[in-house]
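Data block below; observations after.
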Amino acid sequence: MSKRARNARRLASMLGNKFSIFVRIYYDRQIRRYRVVWTNGPEAEELFLYAVESRDEVPELDVATLLWDRKYAA
């Protein structure tokens with residue numbers, strides 16, 4: 001596993017713990033970017049701001065280029 005992939009997993013864990021939700025971050029080969037996916041929970045802006053604050057803990061991952069993809073469930 002690459003350092004970037006490990007950092008993505010770490011950030012997903014950090015976001016999940018902070019907001020008490022399940023967060024998945026994976027590399028989307030079609031768009032060649034990392035995608036952050038979660039269901040319900042907080043808005044993308046909240047997760048993004050926390051990711052920016054935590055960027056020193058995931059230096060191999062450029063949080064500014066992540067695609068934030070919130071899903072909705074009934």
Side-chain angles (χ1 to χ4, degrees):
M1 181 182 300
S2 71
K3 287 182 182 180
R4 188 175 297 145
R6 279 194 297 275
N7 279 204
R9 281 189 173 189
R10 178 168 170 71
L11 181 59
S13 178
M14 291 167 55
L15 290 168
N17 290 335
K18 170 75 174 174
F19 295 101
S20 300
I21 56 174
F22 176 75
V23 177
R24 180 172 175 236
I25 302 177
Y26 68 95
Y27 187 74
D28 188 329
R29 291 181 182 177
Q30 290 183 340
I31 61 171
R32 296 182 179 174
R33 287 173 64 184
Y34 276 88
R35 181 183 295 265
V36 182
V37 180
W38 73 102
T39 303
N40 297 335
E43 298 292 331
E45 293 81 14
E46 290 182 69
L47 272 71
F48 175 73
L49 289 174
Y50 183 73
V52 168
E53 291 172 5
S54 306
R55 68 181 173 263
D56 290 342
E57 295 186 48
V58 290
E60 301 294 327
L61 190 64
D62 184 358
V63 297
T65 63
L66 297 174
L67 177 64
W68 300 87
D69 190 8
R70 180 181 177 194
K71 306 291 183 192
Y72 295 92

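Position 1 is the first residue of the sequence; numbering continues from there.
- Atoms CH2 and OH, on Trp38 and Tyr72 in that order, are 8.0 Å from each other to the nearest 0.5 Å.
- In this structure, Tyr26 shares a hydrophobic cluster with Val37, the cluster being traced through Ile, Leu, Val, Met, Phe, Trp and Tyr side chains under 4.5 angstrom apart.
- The salt bridge (charged side-chain N to carboxylate O under 4.0 Å, His left out) analysis of residues 28-39, with sequence neighbours excluded, yields the pairs Asp28-Arg35, Arg35-Asp69.
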Identify each donor-acceptor pair in which a side-chain atom of residues 46-61 lies under 3.5 Å from a protein atom, sequence neighbours left out, and give them as a table.
{"from": "Ser54", "atom 1": "OG", "to": "Tyr50", "atom 2": "O", "distance (Å)": "2.9"}
{"from": "Arg55", "atom 1": "NH1", "to": "Val52", "atom 2": "O", "distance (Å)": "2.8"}
{"from": "Glu57", "atom 1": "OE1", "to": "Arg10", "atom 2": "NH2", "distance (Å)": "2.7"}

If you look only at distance, which donor and acceptor atoms sit under 3.5 Å apart when one is on a side chain in residues 11-25 and the other is two or more places apart or in another chain?
{"from": "Asn17", "atom 1": "ND2", "to": "Ser13", "atom 2": "O", "distance (Å)": "3.2"}

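- Applying the side-chain contact (heavy atoms from CB on, under 4.5 Å) rule to Ala73 yields the partners Thr39, Asn40; only residues at least two apart in sequence or on another chain are considered.
- Annotation: side chain to side chain donor-acceptor pair (under 3.5 Å) contacts of Glu43 (sequence neighbours excluded): Arg70.
- Cluster membership for Leu67 and Tyr27, using ILVMFWY side-chain heavy atoms within less than 4.5 angstrom, is not shared.
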(request) Could you please spell out the steps behind the side chain to side chain contact (heavy atoms under 4.5 Å, CB included) verdict for Trp68 and Glu45? (result) CA-CA 9 Å; Trp68 300 87; Glu45 293 81 14; over 6 Å; no
